[in-house]
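Below, all heavy atoms of this structure are taken into account, side chains as well, without hydrogens, waters or symmetry copies. Letters go in sequence order (proteins before strands), and every chain restarts at 1. Model, not experiment: these values are computed from the prediction.
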Amino acid sequence: MKERKKLTFWETVKRQWSLVVGLKVTGKNYIKPQITTHYPRQTVDNISTFKGHVQLVGKPKQPDVAKCICCMLCVTSCPSSCIKVVKMKPPKEDPIPEAAAPKDMPDAAQPAKQAPPKAKAPKTPVKWTLDFNLCSLCGTCVEVCPVKSIEYSNDSYLAGYSRKDFEYDLLADLKERAAKMPAPAPKKAPKAVEKETAEQAEA
Amino acid sequence: MNELSKALGGIPVELLHIAIGLVGLAAFVGLNAVLLVWMERKVAGHFQRRPGPFEVGPHGLLQTVADAVKLIAKQLFMPKGADRILFWAAPFLAFLPVFVTLLPIPWGDVIVAHEVNLGILLILAFAGLGVLSLCLAGWSSNNKWSLLGAARAVAQSVAYEIPMLLSLLAVVMMTGTMNLSTIVESQGSWPWLWLGAMQPFAFLIYFICALAETNRAPFDLPEAESELTAGFHTEYSGMGFGLFFLAEYANMIVVSGVATALFLGGWKGPVMDGPWWFLIKVYALIFAMMWFRWTYPRVRFDQLLNIAWKWLIPLAIINLLATAVYIKVIGLNLPMM
Ligand code: SF4
Ligand code: SF4
């Protein structure tokens with residue numbers, strides 16, 4: 001045990017004042033107004049500072065289409081393996097020439113000719129799901145995305161009856177959000193900025 | 001008196017008085033527990049700047065009633081290997097002495113359940129039983145936390161009983177009586193005529209010991225939920241726990257009532273004397289206890305003994321001696337005697 005400094009009688013008596021100081025501190029807080037929000041009747045007004053589960057960001061001009069380029073960085077870097085991204089299949093023009101090709105051309109020539117159109121395969125995801133049951137909200141996916149297609153949502157009111165309720169189809173979620181906003185892309189960004197600046201000013 | 005006794009079919013009037021008093025006290029203890037638990041949680045909430053119970057009834061007033069119903073409806077469990085008789089005797093032993101200690105408390109001029117000439121002695125004697133109940137509860141539970149709680153309860157009683165007695169003795173010396181009503185009579189209506197103004201040290205020592213006696217923070221060693229889960233009542237469920245709870249809150253009333261009667265002028269107060277002053281003072285003291293609870297951290301075992309033996313007992317003895325010298329040499333005239 002650490003050796004404590006021996007206090008003289010008067011020092012000990014004087015230090016009792018700290019008891020009164022403590023009472024003052026708690027007493028002041030007793031009188032101050034409460035800082036709790038009575039949830040169902042009131043809601044907080046700074047929900048934009050809440051970082052909930054991740055969600056997709058739409059393209060500025062097409063808010064219902066995700067910016068995602070299917071690089072799969074988020075899928076591979078997620079420590080909990082809760083993201084699944086499925087890339088859109090190459091366009092359907094492929095099979096038609098393929099079906100037609102063998103008739104007139106020799107087999108050896110085909111692969112070389114058909115390679116260029118395959119490279120042009122679209123980089124949009126057809127499926128982008130998040131299993132929020134596993135997500136630890138570590139933020140790695142948000143940081144790693146090269147096109148900033150992932151952000152935190154403000155969705156704090158989560159409740160569900162089973163695990164299935166927390167397996168999110170984020171593409172559908174993006175479409176839903178886009179449909180709700182009348183002029184989403186140009187409006188959303190400035191609004192967020194406005195809020196942030198307002199909060200900064202407050203702070 | 002005899003006429004009245006005859007009219008009542010031979011029942012002694014005094015017996016009737018006590019019976020009515022006990023019924024009244026039982027009702028008060030129940031009501032008080034409901035109120036104090038609500039108050040405790042509200043006060044705790046406000047100290048942490050949150051509302052406390054809010055949903056059941058206006059401002060959560062009925063929350064305690066709901067909790068009480070839950071407690072009553074719960075199954076009573078006894079741990080394996082526990083001592084059946086002692087285990088179930090303990091909560092009653094905690095709860096029943098409280099009624100005896102409430103008997104001599106003067107709520108108002110004539111509102112006393114039973115005038116006892118040795119009122120203070122009676123209260124101190126039966127308050128001592130509380131420790132026995134904690135000890136038995138902890139011992140019979142067959143649980144290490146409970147046993148530790150019981151050991152602490154005993155150590156605690158060793159610490160606070162003596163300074164408490166000494167501090168009360170100073171008041172008894174001044175007034176020359178142990179009857180609580182007479183002590184109240186000897187004080188005036190205004191704060192500077194109360195005995196607390198003449199005996200501030202005795203009041204301070206008594207109040208600190210009272211906190212220990214009721215197992216309130218910062219001296220809640222026997223239950224210490226952060227280290228001993230719930231200490232001596234870890235294994236109690238339902239009303240077994242409920243009785244300990246009732247006893248704790250009734251005990252708060254007793255110690256605050258004694259403090260009010262002895263040091264704060266009892267039912268006497270500025271402008272208009274009456275039982276309301278008694279209640280106001282008692283609840284103010286209880287509020288102070290709650291305030292302490294949310295301000296001070298729990299003391300350690302050895303710290304409590306240090307406070308009690310190195311500081312409170314010497315201080316109480318010096319106070320007692322000074323009082324004795326003052327009375328003998330200078331002489332004393334109490335405001336109302
Ligand atoms: S926040 Fe972390 S755990 Fe959650 S999806 Fe992104 S990378 Fe995975
Ligand atoms: S890191 Fe970004 S671009 Fe790459 S797959 Fe994930 S969301 Fe799409």
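Environment of CD in A:Q34: crowded, with over 12 heavy atoms of neighbouring residues, nucleotides or ligands closer than 6.0 Å. A 6.0 Å sphere centred on NZ of A:K32 holds more than 12 heavy atoms belonging to other residues, nucleotides or ligands. By the 6.0 Å contact criterion, CZ on B:F201 is open, its count of non-hydrogen atoms from other residues, nucleotides or ligands being 12 or less.
When atom types are taken as modelled, the side chain of B:R49 and the backbone of A:Y30 share no donor-acceptor pair closer than 3.5 angstrom.
For B:Q48, no part lies under 4.5 angstrom from a heavy atom of chain A. Looking at B:F47, both its backbone and its side chain come within 4.5 Å of chain A, counting heavy atoms on both sides.
Considering only heavy atoms from C-beta on, B:W294 stays 4.5 Å or farther from A:N29 through its side chain. Two residues are said to be in side-chain contact when any heavy atoms from C-beta on lie closer than 4.5 Å; A:T26 and B:W291 meet this criterion.
Most heavy-atom pairs under 4.5 Å with chain B: of the set A:T12, A:T36, A:L23, A:I35, this distinction falls to A:L23. Each of A:T37, A:I31, A:V25, A:L19 has some count of heavy-atom pairs under 4.5 Å with chain B, and the biggest count is that of A:L19.
How far CD of A:Q16 is from CG of B:L204: 9.5 Å, rounded to the nearest 0.5 Å. The line from NE2 of A:H38 to CZ of B:R50 is 11.0 Å long, rounded to the nearest 0.5 Å.
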